[in-house]
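Computed over heavy atoms, backbone and side chain alike; hydrogens, waters and symmetry mates excluded. Every chain is numbered from 1 and lettered A, B, ... according to where its sequence line falls, protein lines coming before strand lines.
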Amino acid sequence: MRLLLIHADYIEYEVKEKTKLAEDFEEKGDRVEEVLVAFTSVEKGDNEEVVTKAVGDILDVAKKVDAKRILIYPYAHLSSNLADAETAVSILKKMESEIAKEFEVKRAPFGWYKAFKLSCKGHPLSELSREITVEMDVTKALADEKKVRSYWFILKPEGELVEIENFNFEGYENLKKFAKYEMEKRRAVDAIPAHVEFMKRLEIADYEKASDSGHIKYYPKGRLIKSLLERFITEKCVEYGAMEVETPIVYDRNHPTLRKYLERFPARQYILEGDKREFFMRFAACFGQFLMLSDATISYKNLPLRIYELTRYSFRKEQRGELVGLRRLRAFTMPDMHTIVVDMDQAMKEFLAQYRLSVEVLREIGIEPSDYEVAIRVTKDFYTQNREFLQEIARVLGKPILLEMWDERFFYFVLKFEFNFVDSLDKASALSTVQIDVENAERYGIEFVDANGERKRPIILHCSVSGAVERVIYALLEKAKFKLESGKLPMLPVWLSPIQVRVIPVSERFRDKAIEVADKIKARVDVDDRDETLNKKIRDASMEWIPYIVVIGEKEIEEGKLSVTIRSESTQKEQKKVMMTIEELNERIKSECNGKPFARLHLPKLLSMRPSFR
RNA sequence: GCCACGGUAGCUCAGCAGGGAGAGCGCUUGCUUGGUAAGCAAGCGGUCGCGGGUUCAAAUCCCGCCCGUGGCUCCA
């Protein structure tokens with residue numbers, strides 16, 4: 001709603017002509033003296049809360065300027081995002097009746113062309129404009145969330161549930177850090193997270209000042225890593241049985257179904273002005289997929305039914321202070337799979353299967369169960385009814401789990417798990433997650449037909465099998481930091497290393513030979529043909545975390561073998577050098593990358609041809 | 001969004017009780033043609049984050065804004 005408030009000696013108006021939207025009005029016009037005129041545009045999405053706020057504002061001003069009465073004057077020209085006429089009239093009437101409780105008030109008719117004369121008093125407060133918006137129902141939603149009470153437990157692998165203060169954390173240091181972080185959310189550190197330095201130095205990614213905060217640019221090496229992860233994660237979901245789809249990135253903010261969802265979750269949306277409508281940018285793929293499912297004809301025979309999308313991007317306008325490197329962004333890429341199932345029994349079976357899938361996906365990416373901690377969030381009711389099921393989950397990884405129990409359900413789900421990575425600064429961030437949603441099938445009108453021909457509401461599972469791809473990269477880089485601290489050499493898994501093999505000629509004379517060898521290696525391989533010393537080139541390759549460094553000179557040519565420095569077996573003190581044939585090297589790399597997608601090098605093969613991006 | 005600290009060459013940073021804009025790395029050129037973690041030399045390179053103010057004079061002092069990091073908060 002937009003308001004223009006003018007404190008006037010008088011206003012005089014005369015109705016001229018009806019528009020199509022006009023409300024009934026018998027008189028010719030009116031003259032009101034010593035009045036605060038509230039020129040008002042009712043906008044799309046305005047509701048009772050807006051009325052309350054607007055009335056509060058108008059009364060405030062009226063009292064401050066000592067006006068004797070108020071006139072509500074519908075004035076469309078203050079906004080380009082007007083509400084429909086019916087809503088506008090009802091809102092204006094509501095304002096009138098609310099103000100009438102405290103103040104003398106009149107209202108000019110809606111939908112007429114009117115002539116008016118007005119004498120503005122001209123004192124400092126005599127002309128004011130206001131824009132009244134509601135943060136959806138954010139305040140209410142936040143208040144509701146605060147009311148939900150959490151109880152913290154540790155679920156032991158044998159299935160025993162222990163109150164957190166009675167759990168002995170000896171031998172579970174990481175879980176202790178995580179639990180502490182979750183419950184207290186306090187931590188004083190004075191360091192830049194390790195991955196931020198790595199992502200810049202390795203030319204993976206960097207901040208882009210010309211964009212909004214939390215939007216990142218990816219250099220060729222970063223794009224390559226990200227692309228491989230995206231392909232891998234997508235393949236795993238499709239292999240699991242999901243149908244890949246693609247849905248829009250922006251949605252109507254006032255779409256009846258979506259609006260209810262937005263109100264329920266006080267998100268921080270990016271808002272986009274359309275020609276006629278106002279849009280928000282998606283924060284997950286739920287909307288598009290749910291809308292697609294609500295139009296689908298689904299039989300119980302089709303269930304469980306899974307659809308999947310890799311969102312590039314999802315947008316969340318997180319608070320400035322929350323944004324850090326690749327850990328939390330305002331635009332991120334997330335695998336988002338939704339599964340609809342017949343009933344809670346099937347939901348639990350799927351939940352367990354997707355839990356196992358998430359473990360497997362992270363493990364193949366290079367993130368082991370020892371690298372993360374499991375959290376389960378569950379309503380008290382669900383826990384009480386499904387104790388054995390939760391014990392079964394606890395057995396999968398055989399390690400204790402942090403369990404948060406809510407006395408009532410506030411979110412749309414009754415059960416959720418997350419895998420949380422604890423980084424070098426003891427900060428925890430969620431990777432994989434699955435939730436059992438008992439609310440959105442109803443909201444979106446998603447149905448299936450059961451064996452008796454009756455329409456039923458399914459239960460929906462939300463699954464992000466790896467969590468945001470950017471966050472996976474963050475976890476891999478932070479994990480590399482741990483390696484560095486333990487005296488080993490930091491590196492990425494071979495299948496994700498932008499350059500897998502570097503061939504270095506001992507001198508200019510062996511350049512062509514080096515290129516020839518490089519062409520026989522089946523991997524992402526490049527050749528350091530720069531005019532630098534051998535030492536320098538070895539050092540540079542090492543600084544780039546290249547898994548295999550091959551040196552070519554007289555000796556290698558004579559022997560017909562390669563001198564290979566293997567990073568994963570070297571330490572900061574000593575390099576592991578092995579003589580092997582090209583075939584042996586190829587075989588080794590092949591086995592390390594088995595089952596993972598491969599992308600060719602998308603940088604010039606010769607280092608002399610390659611720019612430095614920073 | 002709030003509080004604190006930071007932003008100087010492509011990168012990492014020094015200079016900051018006001019008065020010549022610097023170093024190392026990188027880049028270019030020349031010498032060097034090497035055997036497993038930085039060969040030598042010269043040169044190029046800067047609206048000192050942006051905007052305003054104070055001053056004879058501002059990278060340096062003051063105000064506002066932007067970006068980053070930590071904390072608060074938050075994380076559908």
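- Phosphate contact (OP1/OP2 of B/rG71, side-chain N/O of A/Lys427, threshold under 4.0 Å): present.
- Across B/rA37 and B/rC44, the matching C1' atoms stand 29 Å from one another, rounded to whole Å.
- Nucleotides B/rU12 and B/rG53, compared at atom P, are 32 Å apart to the nearest Å.
- Judged as a ring pair (Phe, Tyr, Trp, His ring centres under 6.0 Å), and not counting sequence neighbours, the contacts of A/His195 are A/Tyr474.
- For A/Glu544, the salt bridge (charged side-chain N to carboxylate O under 4.0 Å, His left out) partners at least two apart in sequence or on another chain are A/Lys221, A/Arg502.
- For A/Asn440 against A/His462, the heavy-atom pair with the smallest separation is ND2-NE2, 4.3 Å.
- By the ring pair (Phe, Tyr, Trp, His ring centres under 6.0 Å) test, A/Tyr308 pairs with no residue at all, sequence neighbours left out.
- With P as the reference atom, B/rG18 and B/rA57 are 15 Å apart, rounded to whole Å.
- Residues satisfying the salt bridge (charged side-chain N to carboxylate O under 4.0 Å, His left out) criterion with A/Asp519, sequence neighbours excluded, are A/Lys605.
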Each nucleotide N or O in nucleotides 24-33 of chain B that has a protein N or O under 3.5 Å away: list the pair and distance.
unit_1 : atom_1 : unit_2   : atom_2 : d
B/rG26 : OP1    : A/Lys536 : NZ     : 2.6
B/rU32 : O4     : A/Asp531 : OD2    : 2.9
B/rU33 : O2     : A/Glu508 : N      : 3.2

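- Within the 4.0 Å cut-off from OP1 or OP2 of B/rC66, not a single side-chain nitrogen or oxygen of A/Arg320 is found.
- Sequence neighbours left out, the pairs with a member in residues 474-493 of chain A that pass salt bridge (charged side-chain N to carboxylate O under 4.0 Å, His left out) are A/Asp371-A/Lys479.
- Under the rule for a side chain to side chain donor-acceptor pair (under 3.5 Å), the partners of A/Tyr548 that lie at least two apart in sequence or sit in another chain are A/Arg588, A/Glu592.
- The gap from the C1' atom of B/rG35 to that of B/rU47 amounts to 48 Å, rounded to the nearest Å.
- Here A/Ile504 lies out of heavy-atom contact (under 4.0 Å) with every strand.
- Contacts between residues 563-581 of chain A and RNA chain B, counted as heavy-atom distances below 4.0 Å, involve A/Ser563, A/Thr565, A/Gln575, A/Lys577.
- There is a side-chain donor-acceptor pair under 3.5 Å between A/Asp212 and A/Tyr270.
- Rounded to whole Å, the separation between the P atoms of B/rA23 and B/rU33 comes to 30 Å.
- Interface remark: the A/Arg328 side chain does form a donor-acceptor pair with the B/rC74 base, using a distance-only criterion of under 3.5 Å.
- The same atom, P, is picked in B/rC63 and in B/rU54; the two are 15 Å apart, to the nearest Å.
- Taking every side-chain heavy atom of A/Ser213 into account, B/rG68 is the closest of B/rG68, B/rG35, B/rC74.
- Residues passing the side chain to side chain donor-acceptor pair (under 3.5 Å) test with A/Lys176, sequence neighbours excluded: none.
- Of the P atoms belonging to B/rG49 and B/rA9, the separation is 8 Å, rounded to the nearest Å.
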